[in-house]
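Below: the structure, in structure tokens.
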Number of protein chains: 2
Amino acid sequence: MVKSLHDMESTLDRLLAVSLLLNEDATQSLAKEGLSIPRAQLLWHIHHQGPSTQRALAEAMRVSPRNITGLVDGLAAAGFVTREPHPTDRRATLVSLTERGTASMAQMTRDHQGLARLLFEQLDDFEAFAAGLTHVLNQLNEALGR
Amino acid sequence: MVKSLHDMESTLDRLLAVSLLLNEDATQSLAKEGLSIPRAQLLWHIHHQGPSTQRALAEAMRVSPRNITGLVDGLAAAGFVTREPHPTDRRATLVSLTERGTASMAQMTRDHQGLARLLFEQLDDFEAFAAGLTHVLNQLNEALGR
DNA sequence: TATTGTTATACTCTATAACTATA
DNA sequence: TATAGTTATAGAGTATAACAATA
């Protein structure tokens with residue numbers, strides 16, 4: 001079977017549509033818990049890496065330190081994180097999850113599993129799809145010089 | 001081959017990574033032409049549907065009419081579109097592409113083709129990937145009630 | 001001197017509500 | 001009375017630059 005440019009373009013369109021819908025789905029689910037995508041990403045990082053300096057968060061999320069100040073302000077005001085003094089560097093603060101923050105991350109983990117099942121459980125040729133996705137990811141990473 | 005929850009979750013992670021990178025790639029390419037994703041989406045709509053009222057643009061993009069005012073303001077100031085009086089309804093304005101706007105859309109079309117080739121030209125089992133993607137898209141559309 | 005985080009400022013995208021001109 | 005678009009206002013996310021405290 002030959003692969004026409006038209007076939008490739010319409011597949012790209014479907015990939016872009018999936019991308020858009022994943023974003024909408026995440027935005028909707030997170031809004032129910034009082035979170036946004038950037039705030040949830042920040043919590044997710046702390047959940048996996050442990051209490052982190054704002055500097056580390058800025059690098060991990062590839063945004064400016066000033067941006068992190070704003071995200072942490074919002075998350076702290078809503079009770080998802082606390083700022084603690086860094087034990088050895090008095091310039092730095094450690095951002096940690098509260099109980100509520102930890103509970104939200106547990107919920108996110110369950111949502112992630114539910115979404116994976118929804119998308120893939122009834123997919124016949126999962127192997128081939130996964131392999132194709134890996135190829136696409138590699139091509140994108142190369143193109144963006146990663 | 002059995003499909004474990006772990007396999008499905010890590011494939012979802014790769015899909016989310018692709019989604020993020022596509023967004024970054026688009027943001028970067030568009031920035032070079034002085035455009036953002038929302039502004040390019042608006043131009044893309046006019047490019048395909050022809051001169052449109054702001055009302056129609058708001059519905060197509062699923063954003064508020066006020067939001068369209070801002071996007072059109074920016075695009076008009078940068079020379080991508082013009083506001084023309086509607087021929088029969090003096091309340092409405094028709095937003096049309098300028099030559100520059102048309103040229104940008106031609107470039108976007110070429111970029112789209114280039115990206116499709118980059119991602120899929122060397123992909124072995126393109127058919128299976130495309131089929132899987134269609135399944136994923138259908139599941140997402142259902143879940144979001146479309 | 002270099003680094004951490006904040007204050008000051010500004011831009012884009014988004015929304016709702018009130019208002020004007022027109023249908 | 002309803003619709004098209006704007007003014008007014010607000011909030012989130014993003015950025016750079018200047019600055020204070022500390023390393």
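All values reported here derive from a predicted model rather than from experimental measurement.
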Rounded to the nearest 0.5 Å, how far apart are [atom1] of [X] and [atom2] of [Y]?
X        : Y        : atom1 : atom2 : value
A/Glu33  : A/Arg39  : CD    : CZ    : 14.0 Å
B/Arg14  : A/Thr134 : CZ    : OG1   : 3.5 Å
A/Leu123 : B/His135 : CG    : NE2   : 5.0 Å

* To do: Scan nucleotides 3-8 of chain C nucleotide by nucleotide, 5' to 3', and note B when protein non-hydrogen atoms come under 4.0 Å of the base, S if they reach only the sugar-phosphate, - if neither.
  => BSSBBB
* Atom CG of A/Leu71 and atom C1' of D/dT14: how far apart are they, to the nearest Å? -> 9 Å
* Asked: Could you give the CG-to-C1' distance, from B/Asn67 to C/dT14, as a whole number of Å?
  -> 5 Å
* To do: Please determine if B/Arg55 and B/Asp89 form a salt bridge, counting it only when a charged side-chain N lies under 4.0 Å from a carboxylate O.
  => no
* Residues from residues 15-49 of chain A lying under 4.0 Å of DNA chain D - heavy atoms -> A/Ser36, A/Pro38, A/Arg39
* Asked: Is there side-chain contact between A/Thr11 and B/Leu133, with at least one heavy-atom pair below 4.5 Å?
  -> yes
* Kindly assign one of parallel, tilted or perpendicular to the pair B/Phe129 and A/Phe129, based on the angle between their ring planes and the thresholds 30° and 60°. => parallel
* Which other residues belong to the hydrophobic cluster containing B/Phe80, where Ile, Leu, Val, Met, Phe, Trp and Tyr are joined when side-chain heavy atoms lie under 4.5 Å apart, directly or via other members? -> B/Leu30, B/Leu35, B/Ile37, B/Leu42, B/Leu43, B/Trp44, B/Ile46, B/Leu57, B/Met61, B/Val63, B/Ile68, B/Leu71, B/Val72, B/Leu75, B/Val81, B/Val95, B/Leu97, B/Met105, B/Met108
* Closer than 4.0 Å, any side-chain N/O of B/Arg90 to the OP1 or OP2 of C/dA21? -> no
* Structure fact -> Between A/Thr88 and A/Arg62, whichever has its closest DNA chain D nucleotide further toward 5' is A/Arg62
* To do: Determine whether more than 12 heavy atoms belonging to other residues, nucleotides or ligands lie under 6.0 Å from atom NE2 of A/His6.
  => no
